[in-house]
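Heads up, the thing below is written out as structure tokens.
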2 protein chains.
Amino acid sequence: MPDTPPPDPERLDPEQLAAYFALMEVGSLLQHAVDQQLRDEGGLSYTQFQILAVLGQAPEGQLRMTDIADRLVHSRSGLTYQVAQLAKAGLVARAPSADDERSVNVTATPQGKELLGRVMPGHVAVVRRLLVTPLNRSDITTLSDVLGRVRTHMRTTPPRSATPGRKPTTLRND
Amino acid sequence: MPDTPPPDPERLDPEQLAAYFALMEVGSLLQHAVDQQLRDEGGLSYTQFQILAVLGQAPEGQLRMTDIADRLVHSRSGLTYQVAQLAKAGLVARAPSADDERSVNVTATPQGKELLGRVMPGHVAVVRRLLVTPLNRSDITTLSDVLGRVRTHMRTTPPRSATPGRKPTTLRND
DNA sequence: TATTGTTATACTCTATAACTATA
DNA sequence: TATAGTTATAGAGTATAACAATA
């Protein structure tokens, strides 16, 4: 009784597609909404907000550039730019590391912490209004469980290299 | 024995926060991955890919600028820019509408359809590798169900206006 | 030699405002 | 007047490559 066709690696079945589309759309809309709120109420981009937030959670209240980049931004120069913006606004301070002269320690200034605190309520309100409201407690738990697993998998999976059968300039000799 | 503190609208409990963070991170990583794949294999941004995809799904194979903008991009001028890019690459064609002289009908050219078809397998592969693989069928169903509800709610919820207690220049008589 | 970080540069994308033309 | 769309413009963000300095 072959009622489940063999999984074609070239396609996604309707359920998988629906999950993918819903994820992308919800992520995009939520991102857009919080970005807007952060700009309106704090003059912060979402990336800048994330940097401040990550610094706030850091044990010593400080992180090296590399540490921040690994968690948030995709290129180093991009992080340098964003941290420079934050520093220009007096929201973070940079100091050379004591034990490794190459490193730069970034900390949130009092103004940075103050701004973060001032912006959080509105931020939370947006997340609550858009994401939390339509879900019950069980939905939330499920969502964080399932997406948590996906996140772990994504972090583990090699980005894009290691593609087997990929000869790097090895056809002929050109 | 009050073990459930009253829900503070100023905060999100750990489960809610976890769901929010997981959603944002997974959405961001997945977006980044597919964007990369589309650029590498088709020279398309994710937005451009979406435009082609939406045109492909359209009943007549054509949509007005407004129709596309409503589904995808956030500003009209942004859409004009993106469609212009696609047209410049010969992937879409624009034609004035017959029944409404103001409207512009956009269609995918044969090259556009060809490119879309050529890019889809890799696209699907990324989604499968990052999102589908770590989940079982039940997870997928749940995910699309829960996120589908969130999406519906987001589309319904007024963006940001209609803030109650917001007097639109109605103090005094102005 | 590998790692940390910055700089220079160029490019993509987005949004706002002003504008044209049609309904 | 309202709607559909474009243009001009300006700004934010990102990545790549070259670079300097330290481990």
Side-chain angles (χ1 to χ4, degrees), chain A residues 28-29 31-40 42-52 62-89 91-107 159-160, chain B residues 28-29 31-40 42-52 62-89 91-107 159-160:
Chain A
S28 169
L29 289 174
Q31 158 99 41
H32 205 258
V34 296
D35 197 84
Q36 193 65 46
Q37 179 266 329
L38 291 168
R39 268 175 217 286
D40 290 348
L44 291 172
S45 70
Y46 187 61
T47 300
Q48 290 160 1
F49 168 77
Q50 283 181 303
I51 294 173
L52 286 179
Q62 66 175 26
L63 289 172
R64 299 179 310 151
M65 294 294 283
T66 297
D67 300 331
I68 303 174
D70 286 348
R71 302 197 203 183
L72 301 183
V73 183
H74 302 287
S75 77
R76 305 237 158 176
S77 63
L79 180 64
T80 296
Y81 170 77
Q82 290 295 354
V83 170
Q85 297 305 107
L86 288 171
K88 198 182 301 177
L91 301 172
V92 303
R94 285 176 287 191
S97 170
D99 43 289
D100 188 336
E101 291 281 337
R102 296 172 303 180
S103 296
V104 171
N105 284 325
V106 184
T107 58
R160 192 172 25 274
Chain B
S28 168
L29 288 174
Q31 158 99 42
H32 205 257
V34 295
D35 196 85
Q36 193 66 46
Q37 179 266 329
L38 291 168
R39 269 176 216 285
D40 290 348
L44 291 173
S45 70
Y46 187 60
T47 300
Q48 291 161 0
F49 168 78
Q50 283 181 302
I51 293 173
L52 286 178
Q62 66 175 24
L63 289 172
R64 299 179 310 151
M65 295 294 283
T66 298
D67 300 330
I68 303 174
D70 287 347
R71 303 197 202 183
L72 301 182
V73 184
H74 302 287
S75 76
R76 305 239 158 176
S77 63
L79 180 63
T80 295
Y81 169 77
Q82 291 294 354
V83 170
Q85 298 304 109
L86 289 171
K88 198 182 300 176
L91 302 172
V92 302
R94 284 175 286 190
S97 170
D99 43 288
D100 188 337
E101 293 280 338
R102 295 172 302 180
S103 295
V104 171
N105 283 326
V106 184
T107 58
R160 192 173 27 274

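A note on names: the letters A, B, ... follow the listed sequences, proteins ahead of strands, and every chain is numbered from 1. Only heavy atoms go into these numbers, but all of them, side chains included; no hydrogens, no water, no symmetry mates.
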Any donor-acceptor pair under 3.5 Å from Asp70(A) side chain to Asp67(A) backbone
no
Whether the side chain of Gln82(A) engages the backbone of Leu79(A) through a donor-acceptor N/O pair (distance < 3.5 Å, no angle test) should be reported.
no
Rounded to the Å, how far apart are Asn105(A) CG and dT22(D) P?
16 Å
To check you understand the geometry: which heavy-atom pair defines the closest contact between Leu44(A) and Leu52(A), and what is its length?
CD1-CD1, 4.0 Å
Result for 5'-nearest mapping on DNA chain D, choosing between Ala98(A) and Leu79(B), is Leu79(B)
Between Asp70(A) (CG) and dT3(C) (C1'), how many Å, whole number?
12 Å
Over all strands shown, is Ser103(B) touching base, sugar-phosphate only, or nothing at heavy-atom distances under 4.0 angstrom?
sugar-phosphate
Whole angstrom value for the distance that separates C1' of dT22(C) from CE of Met65(B)
16 Å
Taking all heavy atoms of Tyr46(A) and all of Asp35(A), pick out the closest pair and write down the distance.
N-OD1, 3.1 Å
Within this structure, what is the CD1-to-C1' distance between Ile51(A) and dG13(D), rounded to whole angstrom?
12 Å
Atom CZ of Arg64(A) and atom P of dT22(D): how far apart are they, to the nearest Å?
16 Å
Given atom CG of Asp100(B) and atom C1' of dT22(C), what is their separation to the nearest angstrom?
7 Å
Figure out the CG/P separation between Asp67(B) and dT3(D), and round it to whole Å.
15 Å
For Ser97(A) and Arg102(A), which I'm curious about, is there any donor-acceptor pair between the side chains at under 3.5 Å?
no
Smallest separation among heavy atoms of Ala84(B) and Arg94(B), with atom names
CA-NH2, 4.0 Å
Per-nucleotide protein contact string for nucleotides 9-15 of chain C (B base, S sugar-phosphate only, - none; heavy atom under 4.0 Å)
---SSBB
Lys88(A) NZ to dG13(D) P, straight-line distance once rounded to whole Å:
11 Å
Main-chain N/O of Pro96(B) paired to Asn105(B) side chain as donor or acceptor, under 3.5 Å:
no
Does a side chain donor of either Thr66(B) or Arg76(B) reach within less than 3.5 Å of an acceptor in the other side chain?
yes
For nucleotides 19-21 of chain C, print each protein N/O atom paired with a nucleotide N/O atom at under 3.5 Å, atom names and distance only.
none

Would you say Arg94(A) reaches dT6(C)'s phosphate, i.e. side-chain N/O to OP1/OP2 under 4.0 Å?
yes
Just verifying a value: how many Å separate Ile51(B) CD1 and Gln85(B) CD, rounded to the nearest 0.5 Å?
10.0 Å
